[in-house]
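Small disclaimer: the values here were computed from a predicted structure and weren't measured.
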Amino acid sequence: MALPKLRIRLRRKYYRLVFTFLMALLMSFIISAALILVKAGYSDHFFVDLLSSWGLAFIFAWPSAFICAYLIQEHVLSRIEFY
């Protein structure tokens, strides 16, 4: 028996907030993992270091992504005519 798909309904005005949250979450994870691998390599405490640095990276990534997405959409993309 298949489980029903989980669907979350949110108001349209929260789209940018949810999008930047998810984008910052994934990007901060990828960048944190890559930087730890480059700087220290893989070790026994890799995942402890990753979770620690990921939390700190996300604190900076989410507001940055939110502000940058707004500035790009409002001030850059609004001046480009797409066809």
Side-chain angles (χ1 to χ4, degrees):
M1 185 165 125
L3 294 173
K5 290 183 181 180
L6 177 65
R7 304 239 359 152
I8 299 172
R9 295 187 68 205
L10 293 173
R11 295 186 187 275
R12 174 65 90 188
K13 69 179 182 178
Y14 298 121
Y15 177 85
R16 185 181 293 162
L17 189 66
V18 172
F19 174 77
T20 56
F21 173 83
L22 295 173
M23 180 66 92
L25 192 69
L26 185 60
M27 293 295 293
S28 61
F29 176 79
I30 292 169
I31 292 170
S32 293
L35 289 176
I36 290 172
L37 286 172
V38 167
K39 182 179 173 188
Y42 185 79
S43 65
D44 291 338
H45 49 86
F46 172 76
F47 290 104
V48 173
D49 292 341
L50 176 60
L51 291 177
S52 172
S53 68
W54 185 22
L56 182 61
F58 181 71
I59 290 171
F60 290 97
W62 193 13
S64 300
F66 191 78
I67 292 168
C68 290
Y70 169 76
L71 292 174
I72 290 169
Q73 287 175 343
E74 295 296 321
H75 299 288
V76 177
L77 293 180
S78 64
R79 296 172 188 249
I80 300 172
E81 183 177 328
F82 293 98
Y83 59 93

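- Between F19 and F66, the ring centre distance reaches or exceeds 6.0 Å.
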Cut-off 3.5 Å, no hydrogens considered: what does the side-chain donor-acceptor table look like for residues 76-83, sequence neighbours left out?
unit_1, atom_1, unit_2, atom_2, d
S78, OG, E74, O, 2.6
R79, NE, H75, O, 3.0

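- Hydrophobic clustering of Ile, Leu, Val, Met, Phe, Trp and Tyr side chains at less than 4.5 Å, counting indirect connections, keeps I67 apart from F60.
- Cluster membership check: I8 shares its hydrophobic cluster with F21, using side-chain heavy-atom separations under 4.5 Å among Ile, Leu, Val, Met, Phe, Trp and Tyr.
- There is no path of hydrophobic side-chain contacts, each under 4.5 Å, that joins I72 to V18.
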Taking only distance into account, with no hydrogens and no angle test, what donor-acceptor pairs under 3.5 Å do side-chain atoms of residues 23-36 form with protein atoms, sequence neighbours excluded?
unit_1, atom_1, unit_2, atom_2, d
S28, OG, A24, O, 2.7
S28, OG, L25, O, 3.1
S28, OG, W54, NE1, 2.9
S32, OG, S28, O, 2.8

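- In the hydrophobic cluster analysis, where Ile, Leu, Val, Met, Phe, Trp and Tyr join through side-chain heavy atoms closer than 4.5 angstrom, W62 is grouped together with L51.
- A distance-only check finds no donor-acceptor pair linking the side chain of S52 to the backbone of V48 [under 3.5 Å].
- Each side chain to side chain donor-acceptor pair (under 3.5 Å) pair with one or both residues in residues 37-51, not counting sequence neighbours, appears once here: H45-D49.
- A cation-pi arrangement is present between R12 and Y15 under the rule of less than 6.0 angstrom and at most 45 degrees off the ring axis.
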